[in-house]
Amino acid sequence: MLEDLLFNLQLVALGISNGAFYAMLSLGLAVIFGMLNVINFAHGAQFMMGAFVAWLLLTQLGIGYWPSLLLSPLIVGLVGVAMERLMIARLYKLDHLYGLLLTFGCALVIEGLFRNIFGSSGQRYSAPREFQALDLEFGDFFMPGYRVWVLIAGTTICIATWLVIEKTKVGSYLRAAVERPQLVQAFGINVPLMMTLTYGAGVALAALAGVLAAPVYSVHPAMGANFIITVFAVVVIGGMGSILGAIVTGFLLGFVQGVTDVVYSEASQTVVFVIMAIVLLTRPAGLFGRA
Amino acid sequence: MAEGSLVAGTVGAPAVEKEAVFGFTRAQATAFLVLVAFVVVSPFFLYPVFLMKVLCFGLFACAFNLLIGYVGLLSFGHAAYFGMGAYVTGYAAKAWGVPPEFAILMGGATGALLGLPFGWLAIRRAGIYFAMITLALAQMVYFFALQAPFTGGEDGIQAIPRGTLFGVFDLTSDFTMYWLVAAVFLAGFLLIHRIVHSPFGQVMKAIRDNEPRATSLGYRADDYKLMAFVLSATLAGIAGGTKALVFNIATLTDVHWAMSGEVVLMSLVGGLGTVFGPVVGAAVIITMQNYLAEFGAWVLVIQGGIFIACVLAFRRGVVGEIGHALKVKL
């Protein structure tokens, strides 16, 4: 009885650590959407790029996990900045759906390029050994140390991002520019630059999640596409109105997925979509959204 | 409708063009005759299986375009109706020996049955939310198709028999099959034309251009959107069912999100919201896929590149540009 309970608890804990990825990705989407009014369909591809860059740094240059946590988001973030300057910035005056279509095209190009170069099969990226010190084990409950780290790192990143946006001066500029871009520009703040940097930061956040995910899932070109559709459902459930909402919804759905894995594992992949349907029926604007 | 929107509304367009025949303007009637002539003559010159693929996807793209072009809703999950239509048609024809005409209708019914709840949910939001919701719901269908016993999982349903149409015409010959596909395509195309030019279609366009105003005139906008959604899903199911018979196969590819993206690309290349654009776009994309089949994953890169190029520089699409140059609506 106790063994069952511990085993089930383990599934739920793994679910919550998956929730950390949902939270980081939906947070990035929410930040980008708030500022640019663009749904970044390439978010999954950029998540995948983050994982691949970490893997390349390790296999080609021998650069390990810790420097990659910084380098990979930086590199992928710069790619994001280039994408915003060269392409997305031309669409701000058009219907928002064009941004969706454009970033969808970018996602296809990125995924196709990686498939051509590295093939469709997965690459292994092992976590550093020191994480074994974090292993949690009581009887049948076992949570690998790296999963514990993902949970700690993910929570820290989300809280840090939230603090930057809500409590710092840069964050206050950002929030003001989201509400009234023209007025903020009239006060002498370079709003187009802010938009570029916001996109770059959102993309870097996706890449950081990608590096964290590399040892958990195998690194392969389609890893982001599968993830991002679930994250879209998370975004619909949370509503894109609030940063905190995106974080809370991400963790919450990871938890729900873990519980579903215990109760009825066949539905664990679809439960997020079912919850999305229920939320649309009861609160169409999302749990934290403004109508 | 504001400048920069996805599909041109009637506001600011030249005064009502004179309708020549059957709701078509003169230019459209000419284009339609060219289309019919092409459909009738082409199998004598081109490979019928290739043409059937173009017509199936042409109908699929027209169904998608009905929603974006006339209601202003971008669905990113049309593969669900296309793919499940293919599965049901294929299963009915293979396991139950249902004759092809009924099997295709069952594919359409599947699209409708799926489109009703999905549309009912999705129309609660508009714009990018609508796109994300339809994509997520379609992903749910994909997982269902992956796990359900009757779809054959990774293998799909293979060796689907084409059967005998009305118990008279043996469809194993590609040439005979072609005429069935051509008839389904033209019937679907004309049905969409009829819908768009009916009073119902006028209200649809009014909602696209100014929803609050249409509501204030007493039209229930949601009812019209849902109707359009179900019609679009039905036609997508018919297109999927027909495709399953042509190629004797229904697989996970048909319900995958990439298929939803492909139909968006076809309509975008041809011209969103144009009457003939989706068909032209389908022909362009299918031809391209045929030539690029040996390059493997480069197809993905090129498709993505076309997406980017269309959005940045070529938003009217092929037919839209031609129409713009000739100053007619095509």
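Residue numbering restarts at 1 for every chain, and letters A, B, ... go by the order of the sequence lines. As the structure is a prediction and not an experimental result, all values here were calculated from the model.
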Open item on the list: Can you tell me which portion of M87(A) sits under 4.5 Å from chain B's heavy atoms? Options are side chain, backbone, both or neither.
Closed with: both
Open item on the list: To the nearest 0.5 Å, what is the distance between CG on L280(A) and CD1 on I123(B)?
Closed with: 11.0 Å
Task: Interatomic distance, L108(A) atom CG to I302(B) atom CD1 [nearest 0.5 angstrom] - done: 12.0 Å
TODO: Taking atom CD of E266(A) as the centre, report whether more than 12 heavy atoms of other residues, nucleotides or ligands fall under 6.0 Å from it.
DONE: yes
Task: Closest approach of W298(B) to N116(A) (non-hydrogen atoms, all atoms of both residues) - done: CD2-ND2, 3.1 Å
TODO: Could you list which of residues 130-139 of chain B have a heavy atom closer than 4.5 Å to any heavy atom of chain A, in residue-number order?
DONE: A131(B), M132(B), I133(B), L135(B), A136(B), L137(B), Q139(B)
Task: side-chain contact (heavy atoms from CB on, under 4.5 Å) evaluation trace for M140(B) with M276(A) - done: CA-CA 11 Å; M140(B) 193 165 77; M276(A) 181 187 80; over 6 Å; no
- [ ] Would you indicate whether F118(A), at its atom CZ, is surrounded by more than 12 heavy atoms from other residues, nucleotides or ligands within a distance under 6.0 Å?
- [x] yes
TODO: Give the minimum heavy-atom separation between R125(B) and P284(A), together with the two atoms involved.
DONE: NH1-O, 2.7 Å
Task: CH2-CZ distance between W257(B) and F232(A), expressed to the nearest 0.5 angstrom - done: 10.5 Å
Task: More than 12 heavy atoms of other groups within 6.0 Å of Y219(B) OH - done: no
Open item on the list: Less than 4.5 Å apart, side chain to side chain, heavy atoms only: is that true for I128(B) and F33(A)?
Closed with: yes
Task: Side chain proximity check, V141(B) to F273(A), heavy atoms < 4.5 angstrom - done: no
Task: Distance in Å, L300(B) CG paired with I110(A) CD1, rounded so as to fall on 0.5 Å steps - done: 11.0 Å
- [ ] Pick one of side chain, backbone, both or neither for V38(A), based on which atoms fall under 4.5 Å of a heavy atom in chain B.
- [x] neither
Open item on the list: Quick check for you: to the nearest 0.5 Å, what is the distance between C310(B) atom SG and L102(A) atom CG?
Closed with: 11.0 Å
Open item on the list: Is I306(B) close to chain A through its backbone or its side chain, or both, or neither, when contacts mean heavy atoms under 4.5 Å?
Closed with: neither
Task: Top contributor to chain B interface from V236(A), L281(A), T270(A), L113(A) [non-hydrogen pairs under 4.5 Å] - done: L281(A)
Open item on the list: To the closest 0.5 Å, what do you measure between CD1 (I88(A)) and CD1 (I308(B))?
Closed with: 9.5 Å
Open item on the list: Need one label for L100(A): side chain, backbone, both or neither, based on atoms under 4.5 Å from any heavy atom in chain B.
Closed with: side chain
Task: Interface residues of residues 40-47 of chain A facing chain B - heavy atom cut-off under 4.5 Å - done: F41(A)
Open item on the list: Would the distance check show the side chain of R90(A) and the main-chain N or O of L312(B) forming a donor-acceptor pair, the cut-off being under 3.5 Å?
Closed with: no
Task: chain B contact via L91(A) - which portion, at a heavy-atom distance below 4.5 Å - done: side chain
- [ ] Go through the atoms of F144(B) and report whether side chain, backbone, both or neither lie under 4.5 Å from a heavy atom of chain A.
- [x] neither
